[in-house]
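What's counted below: heavy atoms across the whole structure, side chains too, no hydrogens, waters or symmetry copies.
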Amino acid sequence: MDSKPTVIVTGASSGVGLYGAKALIDKGWHVVMACRNVDKAKKVAQELNFPNDSYTILKLDLGHLDSVRRFVNQFRELGRPLNALVCNAAVYFPLLKEPLWSADGYELSVATNHLGHFLLCNLLLEDLKQSPAQDKRLIILGTVTANSKELGGKIPIPAPPDLGNFEGFEAGFKAPITMINGKAFKSGKAYKDSKLCNMLTTRELHRRFHDSTGIVFNSLYPGCVADTPLFRNHYSLFRTIFPWFQKNITGGYVSQELAGERLAQVVADPEFKESGVHWSWGNRQKAGREAFVQELSAAGSDSAKAKKLWELSEKLVGLA
């Protein structure tokens, strides 16, 4: 067993996850690439010339809670102490009129982006606690569109995130219930809701576990990665115009490579050791802007809501 620090990165076969993995490998880490498509992960790792001893690929389908449990068991079989966990993977279906369902019967974007990661974080907390590393971190990717304190979060299209009082979660979140607040299905809003859940989960992880474990819990927004594969299910015209607009009009465009480097900084660099914050590089600043702690909206910093989300999520993933 080598002495490299170990990080798990979900969704490491493309986009920010892939280039975050590359940046961490360049920093001397061993990356466990947790991916739904193992063959794709193998291909991109070879294309980017990842050294064979610098990564391990394990299958993880966050939309299937049993897959999350199998992944954790397979990771433990590697015998590697865990230094960091990065919850990066996400799905986004902006054009759907009707919901897709996870293997467990939940609306797929919330199931994948929030519930799968929630279970993963809970199961791997013990591994982080037991790791002999002095600096241990759990990082969750946020988004500008779920934070109304940033410009991109002020745009109400298709609708702003709104978890209500978790009426949908309270009712079991199974068909015909498709939204966390129990209201009518809106696919783009479901994504925003799931990312707001990610940021509330980070807040609650910090409140519950930072003081007793020393683990650093943070979320981040690495800038507008306008050409990420996250948009693969959007209109082709959008995929052409949006990167051009961000490059030439707002100046907010950030490449996948730069976003990956920023992710690696939050995971590995000593200046990012403060816990319980949301790191950002902004949405309209030129690439190269220094990181700063971004204020979150009232919805994203609501401690009572974070606690209730945690308790309901425990029930939905079978932890309570």
(request) Measure the shortest side-chain to side-chain distance between Glu274 and Val293 over non-hydrogen atoms and say whether it is less than 4.5 angstrom. (result) yes
(request) Check for a donor-acceptor pair, side chain of Lys189 on one end and backbone N or O of Asp162 on the other, with a separation under 3.5 Å. (result) yes
(message) If you apply the rule side chain to side chain contact (heavy atoms under 4.5 Å, CB included), what do you find for Trp101 with Thr178, and how did you get there?
(response) CA-CA 9 Å; Trp101 302 98; Thr178 59; 3.6 Å; yes
(message) Please check this pair: side chain of Asn181 against backbone of Asn165, looking for a donor-acceptor N/O pair closer than 3.5 Å.
(response) no
(message) Using side-chain heavy atoms (C-beta onward) and a distance below 4.5 Å, is Ser275 in contact with Arg137?
(response) no
(message) Would you say NZ of Lys27 has more than 12 non-hydrogen atoms from neighbouring residues, nucleotides or ligands within 6.0 angstrom?
(response) yes
(request) Step through it carefully: locate the ring centre of Trp279, locate the ring centre of Tyr221, and say whether they are under 6.0 Å apart. (result) no
(message) Between Asp104 and Lys174, does any side-chain N to carboxylate O distance fall below 4.0 Å?
(response) no
(message) With heavy-atom distances below 4.5 Å as the criterion, would you say the side chains of Cys35 and Leu60 are in contact?
(response) no
(request) Indicate whether any N or O donor in one side chain lies under 3.5 Å from an N or O acceptor in the other, for Glu126 and Gln130. (result) yes
(request) Mark yes when over 12 heavy atoms from residues, nucleotides or ligands other than Lys129 sit less than 6.0 Å from its NZ; otherwise mark no. (result) yes
(request) Measure the shortest side-chain to side-chain distance between Leu163 and Leu196 over non-hydrogen atoms and say whether it is less than 4.5 angstrom. (result) yes
(request) Using only heavy-atom distances, determine whether the side chains of Ser301 and Arg203 contain a donor-acceptor pair under 3.5 Å. (result) no
(message) Donor-acceptor check, side chain of Lys195 to backbone of Leu141, threshold 3.5 angstrom: yes or no?
(response) yes
(request) Report yes if the side chains of Phe272 and Val267 come closer than 4.5 Å at any heavy-atom pair, otherwise no. (result) no
(message) For the backbone of Phe217 and the side chain of His206, can you confirm whether one donor and one acceptor N or O come within less than 3.5 Å of each other?
(response) no
(message) For a quick test of reading the model, state the closest non-hydrogen atom pair linking Ser313 to His114 and the distance between them.
(response) OG-NE2, 2.8 Å
(message) Looking at Lys308 and Glu170, is any side-chain nitrogen of the basic one under 4.0 Å from a carboxylate oxygen of the acidic one?
(response) yes
(message) Has Asp302 got a side-chain atom pairing as donor or acceptor with Lys305's backbone, closer than 3.5 angstrom?
(response) yes
(message) Taking Arg36's backbone N and O only, do any of them form a donor-acceptor pair with Lys59's side chain (distance below 3.5 Å, no angle check)?
(response) yes
(request) Check for a donor-acceptor pair, side chain of Thr202 on one end and backbone N or O of Asn198 on the other, with a separation under 3.5 Å. (result) yes
(request) Carefully, step by step, assess Lys40 and Ser14 under the rule side chain to side chain contact (heavy atoms under 4.5 Å, CB included). (result) CA-CA 9 Å; Lys40 178 183 177 183; Ser14 66; 3.8 Å; yes
(request) Name the orientation class of the two ring planes belonging to Phe118 and Trp310 (parallel below 30°, tilted from 30 to 60°, perpendicular beyond 60°). (result) perpendicular
(request) Answer yes or no: is there an ion pair linking Asp39 with Lys43, defined by an N-O contact shorter than 4.0 Å? (result) no
(message) Between the side chains of Lys307 and Glu311, is the shortest nitrogen-to-carboxylate-oxygen separation below 4.0 Å, so that they form an ion pair?
(response) yes
(message) Any heavy-atom pair between the side chains of Leu138 and Asn218 that's under 4.5 Å?
(response) no
(message) Show, in sequence, the C-alpha distance, side-chain angles and deciding distance for Phe292 and Trp281, and conclude whether the ring-ring contact (aromatic ring centres under 6.0 Å, His included) test is met.
(response) CA-CA 6 Å; Phe292 61 95; Trp281 282 257; 8.2 Å; no
(message) Assess the residue pair Tyr19 and Leu258 against the criterion (side chain to side chain contact (heavy atoms under 4.5 Å, CB included)); give the C-alpha distance rounded to whole Å, side-chain angles, the decisive distance to 0.1 Å, and a yes or no.
(response) CA-CA 8 Å; Tyr19 287 98; Leu258 179 56; over 6 Å; no
(request) Mark yes when over 12 heavy atoms from residues, nucleotides or ligands other than Glu271 sit less than 6.0 Å from its CD; otherwise mark no. (result) yes
(message) Does any part of the side chain of Asp193, heavy atoms only, come nearer than 4.5 Å to the side chain of Met179, both counted from C-beta?
(response) yes
(message) Tell me if a side-chain donor or acceptor on Ser131 pairs with a main-chain N or O of Leu82 at a distance below 3.5 Å.
(response) yes
(request) List the steps and the verdict of side-chain hydrogen bond (donor to acceptor under 3.5 Å, both in side chains) for Ser109 and Glu107. (result) CA-CA 6 Å; Ser109 55; Glu107 188 279 320; 2.7 Å; yes
(message) Please tell me whether Ser194 and Asn113 have a donor and an acceptor in their side chains that are separated by less than 3.5 angstrom.
(response) yes
(request) Scan side-chain atoms only and decide if Ser102 and His64 contain a donor-acceptor pair under the 3.5 Å cut-off. (result) no
(request) May I ask you to test the Phe209-Leu128 pair for a side-chain heavy-atom distance under 4.5 Å? (result) no
(request) Kindly assign one of parallel, tilted or perpendicular to the pair Phe169 and Phe173, based on the angle between their ring planes and the thresholds 30° and 60°. (result) perpendicular
(message) Is it the case that atom NZ in Lys4 sees more than 12 heavy atoms from other parts of the structure closer than 6.0 Å?
(response) yes
(request) Can you sort out the partners of His30 under ring pair (Phe, Tyr, Trp, His ring centres under 6.0 Å), two or more places apart, ordered by chain and number? (result) none
(message) Tell me the closest heavy-atom pair linking His278 and Ser219, and the distance in Å.
(response) ND1-OG, 2.7 Å
(request) Please report the closest heavy-atom contact between Leu96 and Ser187, naming both atoms and the distance. (result) O-OG, 3.3 Å
(message) Using side chain to side chain contact (heavy atoms under 4.5 Å, CB included), reason through Tyr55 and Ile57 one step at a time and then give a plain yes or no.
(response) CA-CA 7 Å; Tyr55 70 97; Ile57 298 170; 3.8 Å; yes
(request) Under the side-chain hydrogen bond (donor to acceptor under 3.5 Å, both in side chains) rule, what do Thr10 and His117 come out as? Steps first, then yes or no, please. (result) CA-CA 9 Å; Thr10 69; His117 275 136; 2.9 Å; yes
(message) Going by the rule side chain to side chain donor-acceptor pair (under 3.5 Å), which residues pair with Arg70 if we only count those two or more places apart in sequence or in a different chain?
(response) none
(request) Might you point out which heavy atoms bring Ile215 and His210 nearest each other, and give the distance in Å? (result) O-ND1, 2.7 Å
(message) Taking atom CD as the centre, does Gln134 end up with more than 12 heavy-atom neighbours from other residues, nucleotides or ligands that are less than 6.0 angstrom away?
(response) no
